[in-house]
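Take a look at the structure set out below.
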2 protein chains.
Amino acid sequence: MTLLVSVGEWSVPHWVEAFRRALPGRSVVDAADAFRPDAIRYVAAWQPVRGSLARLPNLRAIFSLGAGVDHLMGDPDLPDLPVVRVATDDLTRRMSEWVVLHCLAILRQYDRYGRQQAVGVWEDDRDQPAAAEVRVGIMGIGVLGQDAALKLRTMGFDVAGWGRSAKSVPGLPVFAGAAGLDAFLARTDILVALLPLTPETRGLLNAALFRRLARDGRLGGPFLLNAGRGGLQVEADVVAALVDGALKGAVLDVFETEPLPENSALWTAPNLTITPHNAAMSAPDATARYIGEQIARMEAGLPPENVVDRHAGY
Amino acid sequence: MTLLVSVGEWSVPHWVEAFRRALPGRSVVDAADAFRPDAIRYVAAWQPVRGSLARLPNLRAIFSLGAGVDHLMGDPDLPDLPVVRVATDDLTRRMSEWVVLHCLAILRQYDRYGRQQAVGVWEDDRDQPAAAEVRVGIMGIGVLGQDAALKLRTMGFDVAGWGRSAKSVPGLPVFAGAAGLDAFLARTDILVALLPLTPETRGLLNAALFRRLARDGRLGGPFLLNAGRGGLQVEADVVAALVDGALKGAVLDVFETEPLPENSALWTAPNLTITPHNAAMSAPDATARYIGEQIARMEAGLPPENVVDRHAGY
C-alpha cells in the first residue's frame, strides 16, 4: 500500500481516481477507507486532521495538494519528513490567468462598463491610461510571482517584485526585505499578494501598509489583489480602506475564514471583487501526475523537488 | 499652411493641440477654422464631410485618425492620393488588452462570480478548463491580430488565425480565404473579429457563420468578440443566436450604428457584454507623433508607411 489521500475527514473519490490514473498498479486509499497505518508510505494532504500524520510509522514524504503549505505547518505533531509543495505548470498558469485578468479588468474598467450597460449608457473614457503607465507590484516572487510578472509585462504593465530576501529575476526590478518595502509600495498602483502564509506574513496587508502605496498614479488610487492566503489580510482594515478611499478597489480570492461567512462586511464593501478561492485550483490529474513524478524520483533514490524549508515555513 | 484636422464638422481642439505639439513650427488648422483650401498639404481625418477632401487642390496625403479606413473609402470623390492608416504600438497594445481581457473574462467566468457576489453566494467551479483547452480564432491577422494572437498564446490559449489571403506567422496556424474558413470556424471556441470593413466583410458575422463555429469545446458553446467594425455583424442575427444558444456569449465593442441606439435589442440580449467603441482608442499624442513621422518621411522623399490598398479597401 502506498499513498493515502487525506483531505480533512472527507472521502474524496475524484482525487483518489486521479491518483489511481497517475500511479497505475499502486495502492491508493483515502482517509475514509480501512487501511493499515504502517502500509502508508506517502500522504497527499489538504488540511489533514491534526496529529493524524504522526500516526503513520513508515511515512516517507508529505505532499501538499495545493501551492500553500500553511495547512500543514500549523500541526505541532507534523512528522520531520520532506513536505513537498505542488508546483505544476497548470497551477502556475491558472494563477497568472487570474492576476492578468483582474489587472486588465481594473485598467480597462470592466465593472464600469458593465454598470453602464445595465442602464443603457454609452459613454467612453477619453483619458484611459496605457498599461505602461500603471505600476504593478507583486509581493512574493517565487514561481507563481515570476510567471505573473512576466505575463503582466507582456501585456505592457510596469511591473516590480518584492520578496523576503534579495533575488535576481531577469528584467524585473526586485525589492527585498523590510528595507526595500517602502520604495516598493511607493511605486505600486496595483499590489498583487502571492505570499505564503507564515508567522511573518500574517496580517501584513493592513491599514498601515495600504497607506504606503502610491497615490500619484494614473488609476486615481491604489488597488489590492490577494490570491495568496486570507491570513495575509486584516479584513476589517480592507473594508475600512475601501470605504475611506485608502484603497480605490480590491480583488480578493482568499479570506480569513472560507467560505466567506454570510455576515462578513466584505460582501457589501464598495469596489471589491470576490472570487471563491479559485484563482488557481489544483487540477486533480495534473497534481496527481506531479506527485507521481516526485514519488518516482524518491523511489529512484533522488530527493523530491520543491521541498518546503521548514524554518522559513514555505 | 500644412495640416488640416478634419473630424466630421466638429472643431476638435484637443486633436489640434496634439498635432501642434507633434509638428512644432507647422501650421495646423481644423475644419471650423478659416483657411485657404490651396494651403492644405495633408489631412488627418475621421469621418470627413463627404466630398470635402476633393476641394483641396494641393493635398498630398490623407491620414486616417484610426486603424480603420472605411470612413474614407465610402467617399466616391476621395482623391487619388495615399491613404495612410494609423499603426501605432499604443493602439495595438490597447486592442490586445481588450482582446486578452475579454478572453480571460470568458475563460474565468468573471460575470458569473460577479452575479454570485451580488447575492452573497460562494460557489466555485470544480471543472474549470485550462486556457490550453480553449481555442481562440482571430479573423484578421494583420498587425493587430498578430499582436493579440501572440499575447493570447502567452496566456496559454490555443490560437489560430484566419485571413483573406495566405500569410505565414511564426508559430501561428493561419487559415486562408473562403477555402480555409470552414476548418478555421470548426476549431474555434472564441471568435475574435479584427477585420477591416470592406464590401467583402460587411455582414460576415451572421447566423450562417455562427452555426459553423465549434460546439464541442470546453466552454459549452462558441463566443463572439467583435472589435473590428460594427458593419461586420448582422445585429439581428447576433441577438437571435444569443437567445437560441447558437452563441453562448458575445462581447461587442462596435455596432452598426454608434452610439448604440436606445431601442437596440442588443442592450438587453442575454450573455452580451457591450463596450462603447473604446477597445483601442487612438491616443491623440501617439497618433499625432505617428502622423508627424509619416509627413517627415514624405518631405524627405520617402513614401509613407501603412498605405491603404485602394483595391482591397484596407
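Worth knowing before you read on, the calculation uses all heavy atoms, side chains too, and leaves out hydrogens, waters and symmetry mates. Quick note on labels: first sequence line is chain A, next is B, and so on, each numbered from 1.
Between chain B and the options A:H102, A:E97, A:Q128, heavy-atom pairs under 4.5 Å are most frequent for A:E97. Comparing A:P284, A:P129, A:A286, A:S264 by how many heavy-atom pairs each has under 4.5 Å with chain B, the most go to A:P129. Ranked by heavy-atom pairs under 4.5 Å with chain A, the list B:Q116, B:E262, B:H14, B:E123 is led by B:E123. Across A:R94, A:K151, A:Q109, A:M281, the residue that shares the most heavy-atom pairs under 4.5 angstrom with chain B is A:R94. With chain B as the partner, the residue from A:G114, A:A283, A:A279, A:A118 showing the most heavy-atom pairs under 4.5 Å is A:A279. Per-residue heavy-atom pair counts under 4.5 Å with chain B were compared for A:W267, A:W122, A:W98, A:Y110, and the maximum is reached by A:W122. Ranked by heavy-atom pairs under 4.5 Å with chain A, the list B:C103, B:G156, B:A130 is led by B:A130. Between chain A and the residues B:L266, B:D90, B:V121, the largest count of heavy-atom pairs under 4.5 Å involves B:V121. Ranked by heavy-atom pairs shorter than 4.5 Å toward chain B, the options A:T268, A:T275, A:D111 are led by A:D111.
The distance from the OG1 atom of B:T154 to the CE atom of A:M155 is 9.0 Å, given to the nearest 0.5 Å.
In plain terms, the two heavy atoms of A:Y113 and B:N278 that are nearest each other are OH-ND2, 2.8 Å. Closest of all the heavy-atom pairs between A:L104 and B:L101 is CD1-N, 3.7 Å.
At a 4.5 Å heavy-atom cutoff, B:F157 makes no contact with chain A through either its backbone or its side chain. For A:D127, no part lies near chain B; criterion is any non-hydrogen pair under 4.5 Å. In this structure, no portion of B:L150 lies under 4.5 Å from any heavy atom of chain A. Contacts of B:P261 with chain A are absent, with no heavy-atom separation under 4.5 Å from either backbone or side chain.
Looking at heavy atoms from C-beta onward, B:H277 lies out of side-chain contact with A:D124 at the 4.5 angstrom threshold.
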